[in-house]
Amino acid sequence: MPKRNPVRRLLLIGAAIGAVALMPVTESLAQGRGETWWVAKTRGGVYNPPMRPIWRKADLLKMHAGQNSWSEQIIRDPEQDATYNSGAPGSKFGPRMHPDTPSVFVVIQGQVHFDVEDQQPVIATRGAIINIMKSTVFSYDVTGDSNALWVEVNPSNYKAVYPSAEPQPSASAGAQIVKVAFTHTPAPYTGRNKLMVNTFDDYIAKCATGPAVADDHIWNSPLLGYVNAADNKCGKGNGNIGSGPIPPGTAPFNPASTFGHMHPGPAEWWIVQVGQIRGQFENTGEFHAVEGDVLYAAPMTWHQMAAEAPNGANVRLAFGGYQLINMNSIPGQ
């Protein structure tokens, strides 16, 4: 009888943070879901403010009713810092630079004009993803005739500096503004990275897939799917609809169960760019999001996502500090 080739497996022992020990063992593939591994898992569904399973665009607008320009911290975890922002036409954000880290802007509505060092100016509209490389001077302002909404994403503990030729900025609590001297060179755009892509123009219209941003500590990818495959003009079936519509007669979702997949360290989160998206999160519940909403799966949380709009495109812009491995649940475990 021929010998079977075992699949190499590693026993991973360790807390969510700290050292890990690796020990080789062997096991066959598990029910078509990949190699099997042990991993230390803490309780899922733990949300520390400002994080929450869903930030709804409608709720944010109600929170800031009567305000044209505002900024709300929606994520501040060990990997990323994200704010949801509104600006009235004419709002200006002067030259600044993040010397050691990139910055990403996702425009939800309106128009935002960007001036970026060594690049041609661009106007970002609904669906735009602006990728500013580290050590690059940039400024932006709201144009058009209506308020703009956008999400700004940075690596945690990022720092900004401002040209001394500009007015001195205000100091944050506990800090003072001092003048320093150094030289800088804008980091180049390499690989798939570019200053601006638009999910509607560059992904949906051109049938593109793959990450839009692959920076140090910021990674994102528009995940495009069609519940009705006939709506997919690219001829590639449903695309990425996650777990898809819930079949009639399915038992109610049990958030205390084991399902979907998880990430053992960093969080994964999504901006809904078009359509409707369902998120199911361990120990938390089931949430239904529409365009402009933000969904967040806390670290160590079993979760599964799905496209829900019956017609047209559904896009969830997935974010992480880097491209994450989906560690799939094993039925019956």
Side-chain angles (χ1 to χ4, degrees), residues 7-25 27 30 33-55 73-83 100-104 106 134 151-158 210-221 223 240 242-243 255-271 277 279-285 287 294-305 316-330 333:
V7 175
R8 187 172 180 81
R9 170 177 142 183
L10 297 176
L11 177 59
L12 174 59
I13 305 173
I17 55 176
V20 296
L22 298 176
M23 177 175 139
V25 293
E27 187 173 304
R33 294 174 71 80
E35 303 166 4
T36 58
W37 313 72
W38 296 113
V39 63
K41 182 184 183 304
T42 55
R43 178 177 173 81
V46 177
Y47 288 85
N48 298 313
M51 280 74 73
R52 57 179 65 175
I54 185 168
W55 279 95
Q73 190 84 47
I74 60 171
I75 295 171
R76 185 185 283 128
D77 64 20
E79 296 290 334
Q80 295 185 326
D81 180 305
T83 56
D100 303 309
T101 56
S103 188
V104 168
V106 180
K134 69 178 182 179
V151 176
E152 179 181 352
V153 185
N154 291 285
S156 290
N157 200 34
Y158 77 97
V213 172
D215 290 340
D216 183 16
H217 284 80
I218 303 181
W219 181 94
N220 70 36
S221 182
L223 305 181
N240 190 330
S243 58
S257 62
T258 299
F259 59 94
H261 66 270
M262 71 160 188
H263 310 293
E268 183 180 15
W269 59 283
W270 306 262
I271 299 173
I277 300 296
Q280 295 174 323
F281 302 134
E282 178 190 5
N283 295 326
T284 310
F287 302 88
V294 177
L295 291 154
Y296 183 95
M300 296 287 183
T301 299
W302 295 118
H303 60 278
Q304 60 186 8
M305 313 302 290
R316 61 193 191 277
L317 179 61
F319 269 90
Y322 36 85
Q323 187 168 6
L324 303 174
I325 291 176
N326 291 347
M327 296 191 176
N328 297 311
S329 61
I330 299 176
Q333 298 295 306

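Take N48 and apply the side chain to side chain donor-acceptor pair (under 3.5 Å) test, not counting sequence neighbours, and it matches no residue. Residues meeting the salt bridge (Lys or Arg N to Asp or Glu O under 4.0 Å) test with D81, sequence neighbours left out: R76. By the side chain to side chain contact (heavy atoms under 4.5 Å, CB included) test, P102 pairs with P155, D215, I218, sequence neighbours left out. Looking at residues two or more places apart in sequence or on another chain, you find a side chain to side chain donor-acceptor pair (under 3.5 Å) between T83 and N85. Partners of T258 under the side chain to side chain donor-acceptor pair (under 3.5 Å) rule, at least two apart in sequence or in another chain, do not exist in this structure.
Counting only heavy atoms from C-beta outward, the side chains of S103 and N154 approach each other to under 4.5 Å. Side-chain contact between M327 and P264 is present, with heavy atoms from C-beta onward closer than 4.5 Å. Inter-residue side-chain proximity for Y296 and Y47 is flagged as met; some heavy-atom pair is nearer than 4.5 Å. You'll find the side chain of K134 stays beyond 4.5 Å of the side chain of D100, heavy atoms only. Between I75 and F319, every side-chain heavy-atom pair lies at or beyond the 4.5 Å cut-off.
When atom types are taken as modelled, the side chain of T284 and the backbone of E282 share a donor-acceptor pair closer than 3.5 angstrom. Under the 3.5 Å distance criterion, the side-chain polar atoms of S156 are matched with a main-chain donor or acceptor of Q80. For Q73 (side chain) and A82 (main-chain N/O), a donor-acceptor pair under 3.5 Å exists by modelled atom type.
A distance of 12.0 Å separates CH2 of W37 from CD1 of I330, quoted to the nearest 0.5 Å. Here the CG-CZ distance, from N283 to F281, works out to 12.5 Å after rounding to the nearest 0.5 Å. Between atom OH of residue Y158 and atom OG1 of residue T101 there is a gap of 8.5 Å, rounded to the nearest 0.5 Å. Taking CE of M51 as the start and CD1 of I74 as the end, the distance is 10.5 Å to the nearest 0.5 Å.
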Please list every donor-acceptor pair under 3.5 Å in which a side-chain atom of residues 298-305 meets a protein atom from a residue at least two apart or in another chain.
unit_1: T301; atom_1: OG1; unit_2: G45; atom_2: N; d: 2.7
unit_1: T301; atom_1: OG1; unit_2: A298; atom_2: O; d: 2.9
unit_1: T301; atom_1: OG1; unit_2: P299; atom_2: O; d: 3.4
unit_1: H303; atom_1: ND1; unit_2: H261; atom_2: O; d: 3.3
unit_1: H303; atom_1: ND1; unit_2: T301; atom_2: O; d: 2.8
unit_1: H303; atom_1: NE2; unit_2: H261; atom_2: NE2; d: 3.2
unit_1: H303; atom_1: NE2; unit_2: E268; atom_2: OE1; d: 3.2
unit_1: Q304; atom_1: NE2; unit_2: Q280; atom_2: OE1; d: 2.6

